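A short worksheet on the structure shown next.
Because the structure is predicted, anything quoted here is derived from the model rather than measured.
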Amino acid sequence: MSDTPIRLPDAATVETVLASLEPASADADLAPALSAAFPGFAFSAAPVDDFYWRGADRTVIDADGVQIGEHEAWIKSELAALGGDLAAFWERHRDSCIKFAEWRGRSVFAFAPAGPGVADFVQLSLGREIEVLAGPVVDPDYRIWSIDNLLEPSWVKREPVTDAPVLAGPVYRLQRRSGLVHMRSFLATRRRREREQREARRPELERRVIHEVSPDGARDTAFLDANSGWFDFVPRENRFFADWERSSASAARIFEHWAFDINDYEERGERQLSFIPRPLKMPGEQLLSDDGVSVHRLMERIEAIDIEIGLPFAWFFLMTHGHWVDPDVGDAIAEALRAGRVRLPNQDAAVLLAWADNKYLF
């Protein structure tokens with residue numbers, strides 16, 4: 001990346017770039033086209049195994065392959081012509097050649113470094129979608145009992161690999177909210193919002209008392225005395241990046257190994273921010289902390305994971321993700337570290353021990 005980017009990536013320009021991609025070469029052209037649109041930013045792209053389909057934008061296709069209407073509007077119009085009779089609708093269309101089309105896709109993330117820091121990068125959250133001829137407008141084998149069954153057809157097979165005819169695509173779409181994120185700004189906002197939300201509760205918490213009753217008698221403790229670090233809480237999103245930066249994993253850029261599924265929404269008038277980390281490289285199997293497995297065997301297993309992923313300390317971040325490595329593995333290794341029975345590089349040992357004392361998981 002050059003020292004003086006000409007312009008920062010913006011959603012409107014990204015959408016223009018995506019719309020300009022030709023389906024036949026969209027996959028190959030995606031990163032180069034984004035890089036060309038934003039000189040100074042070198043984009044890369046990575047797919048994530050996250051199959052989905054969209055209920056919006058379904059269409060109805062006749063026997064000649066001609067689009068005859070938007071799916072929901074066509075269903076309601078046909079039903080109205082039959083006086084709302086679902087049974088008559090089913091009889092009319094169970095043997096017809098009229099079908100519906102829908103968009104199906106997978107998640108794709110694009111990244112561009114924006115500086116040397118661990119969080120100095122731009123992330124785009126995209127959908128790579130194709131339009132397929134999904135199937136008949138009614139289930140030919142079972143009667144329909146409500147209009148909801150028609151509007152949300154469940155009788156067609158939906159799988160990542162399909163033999164359904166492709167009508168259009170692939171096309172790339174930018175997520176409507178949190179589709180473009182500068183990670184450093186996101187993390188700063190995430191931490192600030194957490195601090196503000198906790199500070200807003202200070203008057204309430206200063207009055208709160210924990211009442212404990214034991215065989216030795218009753219005792220009242222101020223909530224903030226029992227939770228002295230309440231206002232110093234660090235969100236797990238910020239800890240994930242901080243742990244990467246001070247561990248041996250920092251030899252690699254974080255976006256070479258992880259994408260971040262951003263959640264940005266309002267609840268009760270409050271903006272809520274979070275993310276779920278999504279591994280771009282995964283081990284062949286899970287590592288569980290089975291009873292009877294020695295810590296030395298666990299050390300061999302985590303080393304094998306690091307080699308498979310191609311990243312030192314990869315196992316730790318897979319553990320915080322909560323699926324590929326059992327958190328009990330981290331506890332067992334931390335306990336053995338304290339007892340001097342195993343060793344890790346100093347910076348990795350510090351990260352693991354801090355995690356064991358104050359866990360976070362996704």
Side-chain angles (χ1 to χ4, degrees), residues 11 109 114-115 117-123 125 175-214 218-247 249-250 254-255 258-279 313 316-323 325-328 330-331 334 347-362:
F109 292 87
V118 63
D120 286 334
F121 66 93
V122 173
Q123 174 183 277
S125 301
Q175 286 189 5
R176 286 296 143 194
R177 189 158 189 173
S178 68
L180 189 158
V181 170
H182 188 291
M183 191 55 68
R184 179 175 292 281
S185 297
F186 171 87
L187 292 174
T189 303
R190 172 71 182 95
R191 188 158 191 176
R192 186 184 72 251
R193 293 294 300 137
E194 183 71 36
R195 184 171 59 250
E196 291 171 349
Q197 289 168 355
R198 287 176 178 254
E199 282 292 339
R201 297 185 62 192
R202 185 183 287 273
E204 167 205 344
L205 297 177
E206 287 176 340
R207 295 190 299 270
R208 182 179 294 183
V209 173
I210 301 171
H211 185 66
E212 299 176 281
V213 178
S214 70
R219 182 178 67 174
D220 289 340
T221 305
F223 176 86
L224 291 179
D225 287 342
N227 298 272
S228 57
W230 178 263
F231 295 107
D232 299 320
F233 176 82
V234 179
R236 61 185 182 177
E237 295 83 2
N238 298 78
R239 290 184 63 189
F240 189 92
F241 273 76
D243 285 347
W244 186 282
E245 188 171 29
R246 66 193 185 106
S247 75
S250 62
I254 197 170
F255 58 78
W258 291 90
F260 302 91
D261 197 351
I262 306 289
N263 294 305
D264 183 351
Y265 61 95
E266 286 195 7
E267 182 178 333
R268 300 176 183 175
E270 295 272 350
R271 186 184 184 190
Q272 306 294 329
L273 288 173
S274 64
F275 67 58
I276 299 297
R278 306 289 299 276
F313 211 42
F316 173 84
F317 296 96
L318 290 167
M319 178 185 67
T320 67
H321 175 257
H323 175 73
V325 177
D326 190 334
D328 289 344
D331 282 327
Q347 69 268 41
D348 297 343
V351 168
L352 176 61
L353 293 175
W355 174 88
D357 289 338
N358 183 18
K359 293 181 175 63
Y360 68 93
L361 297 169
F362 291 92

Is there a side-chain contact between [X] and [Y] in this structure, where contact means two heavy atoms from C-beta onward sitting under 4.5 Å apart?
X    : Y    : value
M319 : W355 : yes
L187 : E237 : yes
F316 : S247 : no
M183 : I262 : yes
P279 : H321 : yes
F231 : L224 : yes
W230 : R201 : yes
F275 : V181 : no

**Request:** Report the C-alpha distance between E196 and R192 in whole Å, list the side-chain angles of each, state the deciding distance to 0.1 Å, and finish with yes or no for salt bridge (Lys or Arg N to Asp or Glu O under 4.0 Å).
**Result:** CA-CA 6 Å; E196 291 171 349; R192 186 184 72 251; 3.5 Å; yes
What pair of heavy atoms forms the shortest contact from [X] to [Y], and how long is it?
X    : Y    : value
L353 : A334 : CD2-O, 3.7 Å
R207 : P203 : NH1-O, 3.2 Å
S178 : Q175 : OG-OE1, 3.9 Å
F240 : T320 : CE1-OG1, 3.3 Å
W244 : V118 : CD1-CG2, 3.7 Å
F186 : S274 : CZ-O, 3.7 Å

**Message:** Looking at R177 and D264, would you say the former's side chain and the latter's main chain have a donor-acceptor pair under 3.5 Å?
**Reply:** yes
**Request:** Ignoring hydrogens and angles, tell me if any N or O in the side chain of T189 forms a donor-acceptor pair with the backbone of S185 under 3.5 Å.
**Result:** yes
**Request:** Starting from the C-alpha separation in whole Å, work towards a yes-or-no answer on side-chain contact (heavy atoms from CB on, under 4.5 Å) for D243 and F313.
**Result:** CA-CA 10 Å; D243 285 347; F313 211 42; over 6 Å; no
**Request:** Starting at CG of N263, measure out to CD1 of I276 and round the result to the nearest 0.5 Å.
**Result:** 6.5 Å
**Prompt:** When rounded to the nearest 0.5 angstrom, what is the spacing between CZ in F121 and CZ in R184?
**Reply:** 10.5 Å
**Prompt:** Who pairs with D328 by side-chain hydrogen bond (donor to acceptor under 3.5 Å, both in side chains), at least two apart in sequence or on another chain?
**Reply:** none
**Candidates R191, R198, Q197 - the one meeting side chain to side chain donor-acceptor pair (under 3.5 Å) with E194** = R198
**Item:** Close aromatic pair by centroid cut-off 6.0 Å: F260 and F255
**Value:** no
**Ring-face cation of R236 near Y360 (centre distance under 6.0 Å, axis angle within 45°)** = no
**Message:** Apply side-chain contact (heavy atoms from CB on, under 4.5 Å) to residues R246 and Q347 and explain how you reach the verdict.
**Reply:** CA-CA 6 Å; R246 66 193 185 106; Q347 69 268 41; 5.8 Å; no
